[in-house]
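For reference, the structure discussed in these notes is given below.
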Amino acid sequence: MKKDIEVPIVKDVYVAIVHEWNKEFLSKDWNAYILNNRETPIEMALVVSKGYDGDRKTSTMRYAFGLVKAKEYEKIEMVTEDVLGLTNEFYVTYYADDKLYEKRFLFEKNSVSEKNLVQIPLLEQDGILAE
């Protein structure tokens, strides 16, 4: 029975944290994004985020996106500097192709820093992709 259950593999959907200029506060902030690099949209995307390191942990935050168009992205949240010292987890669930997909994206503690920045093509900005 268990062997008959198909678990679809998440492909071309990512979570990235980007270091970008905030015009309102005139500072550089870290922001998390969900990226849909698929040829089709994803629907009813739910993102649950939290940070942890031993006894230290953040609140669990939940975000919903009705639709993330193909080759588009949506901002999830701003990530403050003090949270970057924790392991940050983003659990993403969405519908596509009449199937339910889910994946855990992880940023290890202290992995989000300027020295680890790479170009994120869909955003055309420097950032870090989750593992």
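For this chain, numbers begin at 1 and follow the sequence in order.
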Next on the checklist: Before you tell me yes or no, could you show the steps for T93 and Y101 under side chain to side chain contact (heavy atoms under 4.5 Å, CB included), namely the whole-Å CA-CA distance, both residues' side-chain angles and the distance that decides it to 0.1 Å?
Outcome noted: CA-CA 6 Å; T93 306; Y101 293 81; over 6 Å; no

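- Grouping the Ile, Leu, Val, Met, Phe, Trp and Tyr side chains by contacts below 4.5 angstrom, directly or via other members, places Y14 apart from V68.
- Distance check: S111 OG to I17 CD1 gives 7.5 Å after rounding to the nearest 0.5 Å.
- Under the side chain to side chain donor-acceptor pair (under 3.5 Å) criterion, the residue pairs touching residues 54-63 are Y63-E77, with sequence neighbours excluded.
- Within the 3.5 Å criterion, the main-chain N or O of E108 finds no donor-acceptor partner in the side chain of N110.
- In summary, of the residues considered (I9, V10, V92), a side chain to side chain contact (heavy atoms under 4.5 Å, CB included) with K103 occurs for V10 alone.
- Nearest heavy-atom pair across A96 and P41 is CB-O, 4.1 Å.
- Side-chain atoms of L35 and V15, non-hydrogen and from C-beta on, never get closer than 4.5 Å to each other.
- Sorted by first and then second residue, the salt bridge (Lys or Arg N to Asp or Glu O under 4.0 Å) pairs with a member in residues 39-51 read E39-K71, K50-E89; sequence neighbours excluded.
- Applying the under-4.5 Å side-chain rule to Ile, Leu, Val, Met, Phe, Trp and Tyr, the cluster around L106 extends to Y52.
- Nearest heavy atoms, Q119 versus Q125: NE2-N, 3.4 Å.
- Judged as a salt bridge (Lys or Arg N to Asp or Glu O under 4.0 Å), and not counting sequence neighbours, the contacts of K99 are E6.
- For D29, the side chain to side chain contact (heavy atoms under 4.5 Å, CB included) partners at least two apart in sequence or on another chain are N22, S27, N31, M78.
- Considering only heavy atoms from C-beta on, V118 stays 4.5 Å or farther from I128 through its side chain.
- Hydrophobic clustering of Ile, Leu, Val, Met, Phe, Trp and Tyr side chains at less than 4.5 Å, counting indirect connections, keeps V18 apart from V13.
- Pairs engaging residues 109-131 under the salt bridge (Lys or Arg N to Asp or Glu O under 4.0 Å) rule: D53-K109 [sequence neighbours left out].
- Grouped by direct or indirect side-chain proximity (heavy atoms under 4.5 Å, Ile/Leu/Val/Met/Phe/Trp/Tyr only), Y91 sits with V48.
- Applying the ring pair (Phe, Tyr, Trp, His ring centres under 6.0 Å) test to pairs two or more places apart or on separate chains, those with a residue in residues 105-126 are F90-F107.
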Checklist entry - Taking it one step at a time, do N37 and E72 satisfy side chain to side chain contact (heavy atoms under 4.5 Å, CB included)? => result CA-CA 7 Å; N37 202 28; E72 292 288 329; over 6 Å; no

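- Partners of Y33 under the ring pair (Phe, Tyr, Trp, His ring centres under 6.0 Å) rule, at least two apart in sequence or in another chain, are Y73.
- Residue L84 is grouped with residue I76 when hydrophobic side chains (ILVMFWY) are merged at heavy-atom distances under 4.5 angstrom, including chains of intermediate members.
- Nearest heavy-atom pair across K23 and L26 is O-CD2, 3.4 Å.
- When the side chain to side chain donor-acceptor pair (under 3.5 Å) test is applied to D82, the partners found at least two apart in sequence or on another chain are T80.
- V79 and F65 fall within a single hydrophobic cluster, where Ile, Leu, Val, Met, Phe, Trp and Tyr side chains are chained together by heavy-atom contacts under 4.5 Å.
- Counting non-hydrogen atoms of neighbouring residues, nucleotides and ligands closer than 6.0 angstrom, the NZ atom of K28 exceeds 12 such neighbours.
- W30 and I34 fall within the same hydrophobic cluster, where Ile, Leu, Val, Met, Phe, Trp and Tyr residues are linked whenever their side-chain heavy atoms come under 4.5 Å apart, directly or through other members.
- The distance from atom CG of N36 to atom CD1 of I42, rounded to the nearest 0.5 Å, is 4.5 Å.
- Partners of K69 by salt bridge (Lys or Arg N to Asp or Glu O under 4.0 Å), not counting sequence neighbours: none found.
- Side-chain contacts under 4.5 Å among hydrophobic residues (ILVMFWY), followed directly or transitively, place L100 together with M44, Y95.
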Checklist entry - So I120 and L129, side chain to side chain contact (heavy atoms under 4.5 Å, CB included) or not? Walk me through it. => result CA-CA 8 Å; I120 309 293; L129 283 173; 3.8 Å; yes

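- The closest side-chain heavy-atom distance from Y94 to L46 is not below 4.5 Å.
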